[in-house]
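Worksheet: the structure to be examined is printed underneath.
Below, read A as the first sequence line, B as the second, and so on, with proteins coming before strands; counting in each chain starts at 1. Keep in mind that the numbers below use all heavy atoms, side chains included, and drop hydrogens, waters and symmetry copies.
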Amino acid sequence: MNNKYEIVVGLEVHAELSTKTKIFCGCKNEFGAEVNTNVCPVCMGLPGTLPVLNEKVVEYGIRMGHALNCTINRATKHDRKNYFYADLPKAYQTTQDDVPLCANGYLDILVGDETRRIGITRLHIEEDTAKLIHADEFGGTLIDFNRCGVPLIEIVSEPDMRSAEEAKVYLETLRTILLYLGISDAKMQEGSIRADVNVSVRPVGSKEYGVRVETKNVSSFSGVYNAIVYEANRQIEVLENGGELFQETRRWDDAAGKNVLMRSKEDAQDYRYFPEPDLLGYVIPEELVENLKAELPELPVQKTLRYMNECGLSRADAETIALSKDKAVFFDACMATGKCGPKLLSNWVLGEITRVANERRCEISELPLTVENLVDMIALIENKTISNAAAKTVFEIIVDKDEKPADIVKAKGLAQISDSSALQTIVDSVIAANEKAINDYKGGRTNVLGFLVGQCMKQSKGQGNPAMFKEMMIAAIENS
Amino acid sequence: MDKLYSLSAKSMKELLDKKEVSSVEITKSVIERIEKTDKDVCAYNSYNFENALKNAEAVDTKRANGEALGALAGIPLAVKDNIHVKGLKTTCSSRMLENFVAPFNATVTDKLNASDAIIVGKTTMDEFAMGSSGESSKLAVAKNPWDTSRIPGGSSSGSAVTVAASQVPFAMGTDTGGSIRMPAAYTGIVGLKPTYGTVSRYGIIPLASSFDQAGPMARNVDDLAMLFNAVCGRDKMDAVTKNYTFDGYGDSVKGMKIGVPKEYYGEGVQPAVKERVYAAIETLKAQGAEIMEISLPSTEYALAAYYIIQCAEAASNLGRYDGLRYGFRGSNTSNVEDLYLTTRSEGFGDEVKRRIMLGTCVLSSGYSDAFYKRAKLLQQNIAKEFTDAFKSCDVIITPSIALTAWKFGEKAGNPAEVYAADICTITLNIAGLPGMSVPCGFDSTNNMPVGFQIIGKKFRESDILTVAKCYENAVGGFAVKEF
Amino acid sequence: MKIDIRHIAKLSKLSIPEDQIERFEEEMQAIIQMVENLPEIEGKATAVDTENTMELRADEVIPSASREDMLMNAPQTAAGCIVMPKVVE
């Protein structure tokens with residue numbers, strides 16, 4: 001990237017909401033159903049049909065609005081956006097124009113060591129389109145209306161991001177918030193989050209924005225990153241070669257890793273917005289708005305900061321836990337017991353537990369492992385009843401069975417021996433049996449210490465306290 | 001019994017209740033009447049005779065078994081061809097939907113079925129309800145029974161004609177800017193456009209969604225009320241409908257205050273029409289009503305505001321006819337863009353194209369502020385004037401239309417003049433108010449029927465029907481064309 | 001105000017034959033004329049009429065329609081879908 005230029009990025013993010021039914025009719029809102037089975041005259045846009053707004057869509061929109069620190073427009077309405085496209089059966093999309101549900105918010109994101117505040121211009125609710133399936137064997141394109149009418153929120157940011165990395169973090173943070181709020185599946189591979197990316201470049205230090213180009217149809221985190229880098233480079237190259245940029249719309253081709261011109265400014269769509277005459281306006285009760293605000297859970301950035309400041313976790317660990325609702329919920333539940341400290345807990349959550357969940361391709365919440373058993377086990381490590389090695393044996397059991405770690409330790413004889421006279425006997429016998437190693441140690445090859453402690457552990461069948469072995473071994477050799 | 005078809009719905013009901021006739025007998029009489037006369041008046045796009053007889057038989061059986069019956073049990077009626085009746089075509093008198101079969105019922109149809117009414121056919125109309133003469137139909141072109149060389153009025157032309165020609169006692173029409181009231185006036189029958197939000201729009205192909213309202217057309221006030229009562233009320237499928245129950249009506253106007261707005265009696269109104277409407281007002285005055293002159297100054301801007309909003313909504317509503325999913329498919333199908341163009345250019349008539357373009361224009365970038373947004377503000381002002389006027393009166397009376405039925409083709413090529421004829425009726429749609437056209441004699445120059453319009457407060461259909469009933473009694477009933 | 005019929009027709013997805021352009025233009029112009037006579041009025045229409053509002057729907061599933069009914073008016077179907085000419089992006 002040419003460092004004479006600064007990149008300016010704004011994102012329009014569409015997320016499908018996980019309501020039971022579609023936005024304007026009672027058809028099921030589900031992914032992967034057989035084609036054209038979740039359809040009715042309303043979502044097929046048959047003549048004479050009318051929309052009836054789903055209250056949950058409004059509620060979900062308000063929740064997200066609160067999470068993004070927006071003003072909620074309690075008196076709101078819907079509008080038609082008119083354009084012809086084969087996936088739009090009414091030739092208009094029922095969306096919101098001049099009075100969006102939420103507006104004027106912001107989202108703080110953590111980029112590098114910095115907290116960056118990204119302005120949120122607006123958030124509105126609207127309907128998704130049908131799906132076109134290109135099928136040459138049928139001599140044309142097939143239309144599946146199952147997705148048509150699935151509720152969407154569109155979140156429009158200010159042009160406040162200054163790099164592809166920031167945009168990626170912004171999108172990841174949004175995705176996590178959607179999951180925390182439980183209002184979207186937020187699965188990019190199923191297309192439930194999609195982004196349009198607005199990019200411009202300007203000479204470093206310039207206050208004026210450059211010519212903005214929109215790239216549509218970006219549907220992965222890496223896609224967002226790549227699309228921004230690609231477009232910024234394209235613009236810089238044009239400028240460096242003395243060319244002129246035009247306000248235009250381009251389409252991202254993820255497979256090819258590049259964008260192509262979709263329409264120039266001259267062909268800009270004239271959407272002819274006007275109020276949806278099939279609906280009236282509505283006023284959202286203040287109480288509902290306030291209740292939804294009160295119910296707002298702690299969000300990922302706040303969590304990260306709390307894990308760092310109050311739990312003493314590293315930035316990387318704090319963020320890894322906070323950005324995964326699954327990990328964070330489990331971590332917080334364990335902390336809430338007050339039975340264990342955060343550091344060892346985070347090691348286990350990010351280590352063994354994540355490993356097992358990944359192997360089984362499931363969420364932590366779906367493992368048979370209980371919060372109670374895990375914290376009990378960690379407490380046993382912390383009070384030195386068991387070693388880390390013994391803990392692994394315990395974990396292999398509690399991850400699948402609801403057995404008390406203390407019982408397992410007893411039954412399997414896993415308790416760590418910290419009785420110094422018992423340990424001294426073992427140390428003495430190891431010294432007696434390893435004369436060469438002792439001499440090597442005395443000759444300066446102190447790294448044989450590990451071998452000697454290992455021998456002690458072996459003799460104690462893993463139950464000796466390795467730290468004590470180490471200490472006693474050094475003392476014994478030096479005093480001999 | 002002779003001429004069962006010509007009876008009022010109320011009389012049919014009485015005879016049916018007394019089991020003096022069966023629904024099958026009435027339905028057969030109606031079918032014969034339609035078969036005999038429809039070639040002359042062309043009220044229908046399609047008939048539903050086979051089902052009608054089957055349904056009549058079922059109602060007769062229910063009655064014989066003593067089962068509970070709906071309020072319209074066994075009485076035949078017709079519905080406008082923009083109202084879905086599952087399994088029948090809904091054409092909107094357009095080539096675009098010539099072969100479209102409704103896959104679901106309109107809520108109005110469900111309510112009629114629940115009332116055990118017998119639907120005998122789908123009546124013709126102006127194409128997509130765009131017109132006030134009936135001439136823009138691309139299928140049947142209905143003719144005025146009083147003089148078949150003249151227009152019956154539109155857009156509910158077929159519904160007006162089938163009632164006026166005594167084929168059925170009543171019919172359902174729809175009204176966006178006068179489409180029930182104008183043909184009612186032109187054909188000498190009563191027609192009610194209810195308050196916006198009292199009758200469900202679900203399953204009715206829209207013209208302008210924020211103005212459209214379905215309503216009854218009949219030869220007398222009692223029949224009209226009977227049909228209205230059967231179809232009104234909140235529908236969860238139509239978000240704009242309100243909890244509404246019809247309170248019934250009286251027959252005395254004693255002490256009622258009737259406003260007469262001078263702006264509706266201007267130069268554009270033919271003297272013969274004015275004369276008849278003033279006579280009607282005198283009749284009501286003689287019945288004890290208090291008459292007062294009022295003013296609605298924004299009326300002169302209503303026409304422009306109406307056409308801007310109507311065409312804007314219509315253009316948007318008609319975008320879906322693109323040849324992909326249903327309806328007419330154009331001749332060039334090699335790619336989607338050409339398919340759109342050929343489908344819409346071949347499938348829509350000129351009047352429809354004209355309004356689509358007008359509607360597209362008024363919303364397009366750079367024009368929206370000057371046209372659409374200004375029209376919305378005018379709409380608010382007009383509505384407010386009515387609200388203020390109703391502080392001092394109970395109902396308002398105006399002519400239903402400025403003129404009487406003209407000869408076919410007489411006004412072709414002059415859409416602006418034809419649009420101007422709507423001036424008396426459109427203001428109600430703009431303000432969402434109820435209004436009814438009531439016959440008040442004949443134009444002395446051409447012997448065609450004249451109608452006056454009673455405008456009520458929102459959801460006060462009862463007031464309107466009380467005035468209409470009082471007038472009907474005072475004049476000894478309305479003339480029926482022997483046909 | 002001059003109306004560009006060709007541009008409006010394009011936006012409306014209508015093709016108007018060249019020999020009819022003038023007629024449509026004249027007819028539209030007559031209607032536009034009415035609008036131009038409107039008074040300049042102050043103010044802006046209220047965006048949301050809080051006196052006349054609607055009820056929202058509960059998020060409850062209503063059984064969907066049969067696919068057969070939903071596709072019965074389609075000019076061409078295959079594999080449970082409507083078939084249309086290939087969309088070239």
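For the set B:Ile204, B:Val240, B:Leu97, B:Ile83, the count of heavy-atom pairs under 4.5 angstrom toward chain A peaks at B:Val240. Ranking A:Pro51, A:Gly26, A:Cys40, A:Pro89 against chain B, the residue ahead of the rest is A:Pro89, based on heavy-atom pairs under 4.5 Å. Of the listed residues A:Leu53, A:Leu279, A:Ile143, A:Leu46, the one with more heavy-atom pairs under 4.5 angstrom with chain B than any other is A:Leu46. Ranked by heavy-atom pairs under 4.5 Å with chain B, the list A:Ala91, A:Cys25, A:Pro41 is led by A:Pro41.
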Produce the donor-acceptor pair table for chain B versus chain A, cut-off under 3.5 Å.
from	atom 1	to	atom 2	distance (Å)
B:His84	NE2	A:Pro47	O	2.8
B:Arg201	NH1	A:Asp278	OD1	2.9
B:Arg201	NH2	A:Asp278	O	3.4
B:Gly203	N	A:Gly48	O	2.6
B:Ser209	OG	A:Asp278	OD1	3.2
B:Ser316	OG	A:Arg80	NH1	2.9
B:Ser316	OG	A:Asn82	OD1	2.8
B:Asn317	OD1	A:Arg80	NH1	2.8
B:Asn317	OD1	A:Arg80	NH2	3.1
B:Arg320	NH1	A:Gly45	O	2.9
B:Arg320	NH1	A:Leu46	O	3.3
B:Arg320	NH2	A:Tyr92	OH	3.1
B:Arg325	NH2	A:Pro89	O	2.8
B:Tyr326	OH	A:Gly45	O	3.3
B:Tyr340	OH	A:Ala86	N	3.3
B:Ser365	N	A:Asp270	OD1	3.3
B:Ser365	N	A:Asp270	OD2	2.8

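With a threshold of 4.5 angstrom between heavy atoms, B:Leu324 approaches chain A through side-chain atoms but not through N, CA, C or O. For A:Pro275, the parts sitting under 4.5 Å from any heavy atom of chain B are the backbone and the side chain alike.
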